[in-house]
4 protein chains.
Amino acid sequence: MAVSTAAFNEGRVPQRGRPRDASRDDALRQAALEVMAEVGYRALTMDAVAARARAGKATIYRRWESKLDLVIDTCTQLATQNLAAPDTGSLAGDLREFLSSFAAFLSGPIGKAAQALVGELPHEPELAAAFRETFLISQRDVLRGILDRAAERGELRADAPRGMAVEIAGAALIYRLMLTGDPLDEPFVEKVVEQVLLPLVRVS
Amino acid sequence: MAVSTAAFNEGRVPQRGRPRDASRDDALRQAALEVMAEVGYRALTMDAVAARARAGKATIYRRWESKLDLVIDTCTQLATQNLAAPDTGSLAGDLREFLSSFAAFLSGPIGKAAQALVGELPHEPELAAAFRETFLISQRDVLRGILDRAAERGELRADAPRGMAVEIAGAALIYRLMLTGDPLDEPFVEKVVEQVLLPLVRVS
Amino acid sequence: MAVSTAAFNEGRVPQRGRPRDASRDDALRQAALEVMAEVGYRALTMDAVAARARAGKATIYRRWESKLDLVIDTCTQLATQNLAAPDTGSLAGDLREFLSSFAAFLSGPIGKAAQALVGELPHEPELAAAFRETFLISQRDVLRGILDRAAERGELRADAPRGMAVEIAGAALIYRLMLTGDPLDEPFVEKVVEQVLLPLVRVS
Amino acid sequence: MAVSTAAFNEGRVPQRGRPRDASRDDALRQAALEVMAEVGYRALTMDAVAARARAGKATIYRRWESKLDLVIDTCTQLATQNLAAPDTGSLAGDLREFLSSFAAFLSGPIGKAAQALVGELPHEPELAAAFRETFLISQRDVLRGILDRAAERGELRADAPRGMAVEIAGAALIYRLMLTGDPLDEPFVEKVVEQVLLPLVRVS
DNA sequence: CGTTAAACGAGACGGTACGTCGAGTCTTTCG
DNA sequence: CGAAAGACTCGACGTACCGTCTCGTTTAACG
């Protein structure tokens, strides 16, 4: 399986020949992201990505196995840098801060790219796994942590359906992003937190 | 713009020449649905659809402008027959019944097809409009009706966020279907109704 | 086998329903000839012929089996009216007159049409037979008659190779028409008669 | 304009990218010749040629602009290797030898291919030029050379119509080949030489 | 510091599907 | 029933993109 340069170089101490140019990875990912943002996943062609990065197609295929692989990696790369766990000291504050930053993140090109991938999930198990790991699990874990810390502080009811709350939080954002197309703005996040999430789990 | 036979014939009173064979529409839609269920949207080819329906490709392109157009119409055709408004006499009953049938509907081939289309929405405004009309608005209206009737019966709090409840109901199902891949089964529907929707809007 | 109207009506005494409109034959042949002269045989389409004659394609196929059949018939129709045997009283005069009129005939649209058909002869036995009957045999017979009458008048050598003379006469014209593209004008005909044909067969 | 590899590579000293595989030219020409011999020009499809040569269609279109272009080039390639000027020391011998070998050449697949092209000449000036250069001029020049050498040896009459003799020689063969379909055998060549060409130009 | 081997840009390669068009057939309405 | 209209199946067209391959060139690490 092809892998991008960072993983490729790992543990390859005595390399002979010209080493891979790590800067091509970024150029290609950048090109892929731009093309995807412009024309979508389906209309993205490897030739277009190669041309935009002034690279040969072989240079792409040396690093990624397929269009899908390239796109996944491109998104993942960006996604994993954007999910910091907030700590404002209160459940409401943590939720607002995290969902706001997640909403902003999804509203950018990554969100569009993610949407473009959704249609491929049922027929691409590897993609599905990577996608869920990147876009779902990590976000879910942060939310779960927020709730757990709130529970320690005594902010949650004993029988609060934490799993459901996490799922609903993600669903609300994704649904807007991908299905209705309505904006993921501050008022919406506020309403989700106030009207749905807090009543769902909070004491009294 | 190409249109399928029903719309094409409308208002064409004294048609000259051989009329379009309306039965070809169904055969082609059926073939498209089968192929899509087997190989997914991306791998669906017009040649495959034509061959399965024993039709010429021109016959397809006479009715639909593109693969996307064909798939949209195929899904819409089936979708619009499946969203009956229940009336059990209670909010909980209505929600359970409707969400159960909607979940069953989405778990079939239509759900897969719908998912395949999501990735195309941002770059296909016409598709987006048709998709939302078919999959979102009609479902939203039924849910809205359920809540309104519950309100008349006095089952809802005065300040119940009905719009948000409707959105969350749809989001919960779609999120599972398309993103997490978890099953849309009865227990899940039950939990959504009991833990999320009813607390959100019901009195006391 | 489809046949054009004249042959079709023959022996159809008590015909039922609307009789075939014989004028459509001519209109279609005329259209075919025009289209062929404009774009050649290969680029001639049945739709174009039908459109030019303001006829339906079925009307064509009711009379001719195929594009080839239509074109053959069109040419034959015109060809059979143009090969009158001359009688000037002398071999030289007869040859000049006949070859001149044949050259003029070939220089018109029929010549172009005939050329268009040549490429089809090896793979279309029926066409080949019809073509030879129309364009070769009838012309050959007239030439043969001219030589025979000259022989009766004592203008030919006893051992004159009449068959070869006939073949050379046709070949000379056809070769120019179809291969070299040089003009089939009076000086050329004159040279063929004076320099080739007369020396070949004439006494002294 | 697309051109086959030899012409393409000429003057492309510092070629970028993978060079064209010249052996594909031959494979494709061979395939084209075979298909043409089997089914004729009209029924020859690019798909069939590509399949037989195990090539992609793009590989064909990269080298030749069209079916016609491919066929012309295929024939030209073969034609230019087959017209050696004989030198038996006598006019009769030279004529017999050359016309025999030319007749044999035309009786093979090239003759069929040439015939297939004749119908296209009026509407394809480039083809016409190439065709005449290959099939007419070169053959005409050889014949002209034979006559000129015979003249130097004093075998020709002073006023012998050499141009006409050359034309008649070509016409006699082509006419049989393409129009009458009669065989181009030795007896025929012999008769053309003895009965027509020699009397036309030889002394006494 | 020259050799060497892999990475690089470029683009040809065998394939597959595209959307269009023409051939010949079939099915309507109208006369 | 004939004729015009045009939808039908079938199959070839020429193009575009896929993922692979071969070129000539570049670039480090090795010797």
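Worth knowing before you read on, the calculation uses all heavy atoms, side chains too, and leaves out hydrogens, waters and symmetry mates. Letters go in sequence order (proteins before strands), and every chain restarts at 1.
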Where the side chain of D/Arg16 is defined as all heavy atoms beyond and including C-beta, which of E/dA10, F/dA7, E/dC18 is the nearest nucleotide?
E/dA10

Spacing between B/Met46 atom CE and E/dT16 atom C1', to the nearest angstrom:
16 Å

Hey, does C/Leu68 reach any base, or is it just sugar-phosphate, or nothing, if we go heavy atoms under 4.0 Å?
nothing

Starting from P on F/dC18, measure out to CG on A/Asp69 and report it in whole angstrom.
15 Å

With C/Trp64 as partner, the option from C/Asp69, C/Asp73, C/Thr74 fulfilling side chain to side chain donor-acceptor pair (under 3.5 Å) is C/Asp73

Between E/dG11 and A/Lys57, counting only base atoms on the nucleotide and side-chain atoms on the residue, is there a donor-acceptor pair under 3.5 Å?
no

Shortest non-hydrogen contact from B/His123 to A/Val39?
NE2-C, 3.5 Å

What's B/Ser66 touching, base or sugar-phosphate or nothing? Going by heavy atoms closer than 4.0 Å.
nothing

Please check the phosphate of F/dG6 (OP1 and OP2 only) for any side-chain N or O of B/Arg20 closer than 4.0 Å.
no

Report the nucleotide, chosen from E/dG19, F/dT15, E/dA23, that has the shortest atom-to-atom distance to any side-chain atom of C/Tyr61.
E/dA23

Measure the distance from CG on C/Leu28 to P on F/dG2 and round it to the nearest whole Å.
15 Å

Would you confirm whether D/Arg24, through its side chain, and D/Ala53, through its main-chain N or O, come within 3.5 Å as a donor-acceptor pair?
yes

Shortest side-chain distance from A/Thr59, nucleotide among E/dC8, F/dA5, E/dA10:
E/dC8

Whole-Å distance between E/dG22 C1' and C/Leu70 CG?
15 Å

Rounded to the Å, how far apart are D/Trp64 CH2 and F/dT15 C1'?
18 Å

Proximal nucleotide (of E/dC8, E/dG24, F/dT9) relative to the A/Asp21 side chain:
E/dC8

Apply the test side chain to side chain donor-acceptor pair (under 3.5 Å) to residues B/Asp47 and B/Thr45: give CA-CA distance (whole Å), side-chain angles for both, the deciding distance (0.1 Å), then the verdict.
CA-CA 5 Å; B/Asp47 290 270; B/Thr45 72; 4.8 Å; no

Whole-Å distance separating the CG atom of C/Asp47 from the C1' atom of F/dA4:
13 Å

Is a donor-acceptor contact shorter than 3.5 angstrom present between the side chain of D/Arg18 and the base of E/dA12?
yes

By nearest nucleotide on DNA chain E, pick out whichever of B/Lys67 and C/Leu44 is the more 5' one.
B/Lys67

Regarding C/Ala50, tell me which of base, sugar-phosphate or nothing describes its non-hydrogen contacts under 4.0 Å with the strands shown.
nothing

Using atom CD1 of C/Ile60 as one end and atom P of E/dC26 as the other, report the distance to the nearest whole Å.
17 Å

Whichever of A/Ala48 and C/Arg54 has its nearest DNA chain F nucleotide further upstream toward 5':
C/Arg54

Interatomic distance where CZ belongs to D/Arg24 and P belongs to E/dA12 [whole Å]
15 Å

Determine yes or no for a side-chain-to-main-chain donor-acceptor pair under 3.5 angstrom, with B/Lys67 supplying the side chain and B/Tyr41 the backbone.
yes

